[in-house]
Engineer: 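Pasting a structure below so you can have a look.
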Amino acid sequence: MGTDVQSFAVANLRRRPVLVETGGFVAGFDPGTTSPYINYATPLPGTRPTARDVKELIEAFRVRDLKPRLEFAPDAAPSVEPALREAGFGVEATHTYLVCTPERLAVPRGTAAVPVAVPATDEDYRAIDAALSEAFAGEFASSPEGAARLRRIQEDGGAVRFVRAPDGCAGGATCSAPAVGTAELAGVGTRPAFRGQGIAAVVTAALTETMFARGAQSVWLEYSGAGSRRVYERVGFQPRGTRLYMSLES
């Protein structure tokens with residue numbers, strides 16, 4: 001599964017507005033933001049980078065005044081981590097990823113009464129962006145650019161789903177358009193006032209079901225803690241491998 005997830009990472013980055021491919025790496029950039037979580041690189045499966053390859057990759061970030069940063073499944077490109085460490089990169093985090101296949105998908109009991117909506121208006125996208133910013137404790141600020149990115153996901157073959165609240169959005173998530181048979185579900189967030197109502201589970205299940213209906217053979221995601229992992233496992237996700245996050249400080 002690591003190779004599938006890594007092949008997906010490559011295909012997904014190739015959707016970025018600005019693309020740089022050098023020395024076995026694919027770097028995707030979005031001029032609308034300097035966020036390192038959107039502007040990053042990933043290796044092609046099986047890449048065996050040289051010191052020169054890594055140096056050229058670093059330069060692709062430096063000329064844009066961005067932090068050199070990578071996300072990848074290390075088992076699909078085992079030579080990459082040592083080469084990056086040699087160049088001074090450090091590990092930000094190692095995350096386990098979970099995978100769901102069609103035969104395992106299940107909607108947890110008690111969430112059937114939670115209605116899931118598809119955004120249709122600018123107000124919907126703004127509300128979702130604001131709710132996710134609040135859900136992630138201000139890790140990123142809500143903005144017109146963030147709302148626009150959510151709309152692009154929905155309109156470019158991915159999916160955005162949310163649960164309405166009297167003041168806009170209680171919680172939501174996104175899923176990328178499928179590539180190489182799989183899709184990434186991300187940004188599952190619920191505002192603090194609405195937690196404990198099954199929102200994360202029902203939105204995750206709805207997005208996963210949508211991707212399977214569009215032909216994906218699997219959907220994968222990463223989790224942030226034991227509580228969220230239990231939510232995803234109830235929906236049918238199982239651990240399959242790890243993803244490594246590495247960056248180079250100035």
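In this text the structure is predicted, and so the values were computed from the model without any measurement.
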Engineer: By side chain to side chain donor-acceptor pair (under 3.5 Å), which residues pair with T190, not counting sequence neighbours?
Structural biologist: none
Engineer: Do you reckon Y37 sits in the same ILVMFWY cluster as V5, going by side-chain contacts under 4.5 Å, direct or chained?
Structural biologist: no
Engineer: Are Q238 and L98 side-chain neighbours, meaning at least one heavy-atom pair lies under 4.5 Å?
Structural biologist: no
Engineer: Would you tell me whether E103 and T101 have side-chain atoms, one donor and one acceptor, within less than 3.5 Å of each other?
Structural biologist: yes
Engineer: For residues 199-211, dump all side-chain donor-acceptor pairs below 3.5 Å to protein atoms at least two apart in sequence or in another chain.
Structural biologist:
residue : atom : partner : partner atom : Å
T204    : OG1  : A200    : O            : 2.8
T208    : OG1  : T204    : O            : 2.8
T210    : OG1  : A206    : O            : 2.9

Engineer: Once rounded to the nearest 0.5 Å, what's the spacing between atom OH of Y125 and atom CZ of F162?
Structural biologist: 9.0 Å
Engineer: Can you see which heavy atom on V80 is nearest to which on P43, and at what distance?
Structural biologist: CG2-CB, 3.7 Å
Engineer: May I ask you to check whether over 12 heavy atoms, not counting those of F136, lie within 6.0 Å of atom CZ?
Structural biologist: yes
Engineer: Hey, could you give me the CD1/CZ distance between I38 and F140, rounded to the nearest 0.5 Å?
Structural biologist: 9.0 Å
Engineer: Sequence neighbours excluded, which residues qualify as side chain to side chain donor-acceptor pair (under 3.5 Å) partners of E184?
Structural biologist: none
Engineer: Assess the residue pair L70 and F89 against the criterion (side-chain contact (heavy atoms from CB on, under 4.5 Å)); give the C-alpha distance rounded to whole Å, side-chain angles, the decisive distance to 0.1 Å, and a yes or no.
Structural biologist: CA-CA 10 Å; L70 293 94; F89 281 77; 3.5 Å; yes
Engineer: Is the shortest distance from a Lys or Arg side-chain nitrogen in R85 or E81 to a carboxylate oxygen in the other one below 4.0 Å?
Structural biologist: yes
Engineer: Under a 4.0 Å threshold between the charged nitrogen and the carboxylate oxygen, would E233 count as salt-bridged to R229?
Structural biologist: yes
Engineer: Looking at side-chain heavy atoms only, is the closest gap between V10 and P45 below 4.5 Å?
Structural biologist: yes
Engineer: Please say whether more than 12 non-hydrogen atoms of neighbouring residues, nucleotides or ligands are located less than 6.0 Å from CZ in R62.
Structural biologist: yes
Engineer: For the CG atom of D75 and the OG1 atom of T242, what is their distance to the nearest 0.5 Å?
Structural biologist: 6.0 Å
Engineer: Tell me whether T42 contacts the main-chain N or O of E71 through its side chain, where contact means a donor paired with an acceptor under 3.5 Å.
Structural biologist: yes
Engineer: First locate atom CG of L244, then atom CG of L84, and finally report the distance between them rounded to the nearest 0.5 Å.
Structural biologist: 8.5 Å
Engineer: Regarding S247 and E92, is there a side-chain donor-to-acceptor distance under 3.5 Å anywhere?
Structural biologist: yes
Engineer: Are V116 and F194 connected in a single hydrophobic cluster, I mean Ile/Leu/Val/Met/Phe/Trp/Tyr linked by side-chain heavy atoms less than 4.5 Å apart?
Structural biologist: yes
Engineer: Would you compute the distance between atom OG of S176 and atom CD1 of I153 and round it to the nearest 0.5 angstrom?
Structural biologist: 8.0 Å
Engineer: Can you get from V188 to L150 by hopping between Ile, Leu, Val, Met, Phe, Trp and Tyr side chains that sit under 4.5 Å apart?
Structural biologist: no
Engineer: Given the rule in the side-chain contact (heavy atoms from CB on, under 4.5 Å) test, do T33 and R149 qualify, once you have shown the distances and angles that lead to the verdict?
Structural biologist: CA-CA 10 Å; T33 178; R149 278 192 291 274; 3.7 Å; yes
Engineer: Would you say that K67 contacts F61 through its side chain, given a criterion of any heavy-atom pair below 4.5 Å between the two side chains?
Structural biologist: no
Engineer: Taking only Lys NZ, Arg NE, NH1 and NH2, and the carboxylate oxygens of Asp or Glu, determine whether D122 and R151 approach each other closer than 4.0 Å.
Structural biologist: yes
Engineer: With a 4.5 Å limit on heavy-atom distance, are the side chains of F237 and R104 in contact?
Structural biologist: no
Engineer: Same cluster or not: are F72 and Y40 linked, directly or through other Ile, Leu, Val, Met, Phe, Trp or Tyr residues, by side-chain heavy atoms under 4.5 angstrom apart?
Structural biologist: no
Engineer: Under 4.5 Å between any side-chain heavy atoms of V20 and F29, yes or no?
Structural biologist: yes
Engineer: Can you tell me which residue pairs pass the side-chain hydrogen bond (donor to acceptor under 3.5 Å, both in side chains) test with a partner in residues 8-31, sequence neighbours excluded?
Structural biologist: N12-R15, R14-E21, T22-E56, D30-R152
Engineer: Any non-hydrogen side-chain atom of E134 less than 4.5 Å from a side-chain atom of P192?
Structural biologist: yes
Engineer: Could you check if a side-chain atom of V235 sits within less than 4.5 angstrom of a side-chain atom of L105, using non-hydrogen atoms only?
Structural biologist: yes
Engineer: Can you name the nearest heavy-atom pair linking R69 to P36, along with the distance?
Structural biologist: NH1-O, 2.9 Å
Engineer: So, do Q6 and T47 sit near enough that their side-chain heavy atoms are less than 4.5 Å apart?
Structural biologist: no
Engineer: Start with the C-alpha gap between R243 and T94, add the side-chain angles, then the distance that decides, and say whether side-chain contact (heavy atoms from CB on, under 4.5 Å) holds.
Structural biologist: CA-CA 6 Å; R243 294 237 303 159; T94 301; over 6 Å; no
Engineer: Can you get from I128 to V118 by hopping between Ile, Leu, Val, Met, Phe, Trp and Tyr side chains that sit under 4.5 Å apart?
Structural biologist: no
Engineer: How close do Y245 and E222 get, heavy atom to heavy atom, and via which atoms?
Structural biologist: OH-OE1, 2.5 Å
Engineer: Whether the side chain of R164 engages the backbone of D124 through a donor-acceptor N/O pair (distance < 3.5 Å, no angle test) should be reported.
Structural biologist: no
Engineer: Can T182 and V219 be said to form a side-chain contact (heavy atoms from CB on, under 4.5 Å), step by step?
Structural biologist: CA-CA 5 Å; T182 191; V219 174; 5.6 Å; no
Engineer: Which residues satisfy the side chain to side chain donor-acceptor pair (under 3.5 Å) test with R48, sequence neighbours excluded?
Structural biologist: S79
Engineer: Tell me the closest heavy-atom pair linking R161 and A159, and the distance in Å.
Structural biologist: NH1-CB, 3.8 Å
Engineer: Please report the interatomic distance CZ(R126) to OG(S143), rounded to the nearest 0.5 Å.
Structural biologist: 12.0 Å
Engineer: How far apart are the closest heavy atoms of L57 and A27, and which atoms are they?
Structural biologist: CD1-CB, 4.3 Å
Engineer: What pair of heavy atoms forms the shortest contact from A216 to P102, and how long is it?
Structural biologist: O-CG, 4.5 Å
Engineer: My understanding is that only residues two or more places apart in sequence, or in another chain, count here; which of them pass ring-ring contact (aromatic ring centres under 6.0 Å, His included) with F8?
Structural biologist: W220
Engineer: For D53 and T50, does a side-chain donor sit closer than 3.5 Å to a side-chain acceptor?
Structural biologist: yes
